[in-house]
Amino acid sequence: MIRLRGRTDKGRRWQQEIEFDLAVTLVREHMAVVVNPFTIRRLYTNKAFRQYILKRDNYTCFFCGEYGDTIDHLLPKAKGGHTTPVNCVCACNLCNQSKADRWLDDFMQDDAL
Ligand SMILES: [Zn+2]
């Protein structure tokens with residue numbers, strides 16, 4: 001197990017034990033950095049992460065190009081995706097809802113019909 005450290009939106013410190021594989025994914029996908037061989041640190045609070053993604057994507061929906069202010073997981077959490085800068089994009093309400101937990105490929109294919 002690896003210790004994951006972070007802060008809440010209000011600045012309070014928290015930590016939890018996570019699986020090694022998850023720790024590797026979080027670091028590889030730029031959500032966390034290595035502190036020492038047993039500890040990683042989450043780079044963003046929930047609020048900061050949301051703002052980071054929306055600004056990075058210019059408040060533009062990844063799917064339709066309209067204004068968006070929600071965060072969507074490319075690989076849904078239900079299918080093993082994680083909340084990381086690599087797996088998250090800005091989406092509009094409509095696309096976020098219609099995509100739900102389907103695979104990205106299914107969604108893009110439906111859209112093309
Ligand atoms: Zn959209």
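Predicted, not measured: the structure shown is a model, and the values here were computed from it. Whatever order the structure lists them in is the order used to number ligands and atoms, beginning at 1.
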In the protein, N/O/S atoms that are found under 2.8 Å from the Zn ion (ligand 1), waters not counted: Cys61 SG, Cys64 SG, Cys92 SG, Cys95 SG
Hydrophobic cluster (4.5 angstrom, side-chain heavy atoms) - remaining members for Tyr44: Ile2, Leu4, Trp14, Ile18, Phe20, Leu22, Val24, Leu26, Val27, Met31, Val33, Val34, Ile40, Leu43, Phe49, Tyr52, Ile53, Leu54, Tyr59, Tyr67, Ile71
Donor + acceptor pair across side chains of His30, Thr84 (<3.5 Å): no
Any donor-acceptor N or O pair under 3.5 Å, side chains Asn36, Thr39: yes
Exceeds 12 heavy-atom contacts within 6.0 angstrom, atom CD of Glu17: yes
Donor-acceptor pair between Asn93 and Thr70 side chains, under 3.5 angstrom: no
Beyond-backbone contact of Phe63 with Asp72, side-chain heavy atoms, under 4.5 angstrom: yes
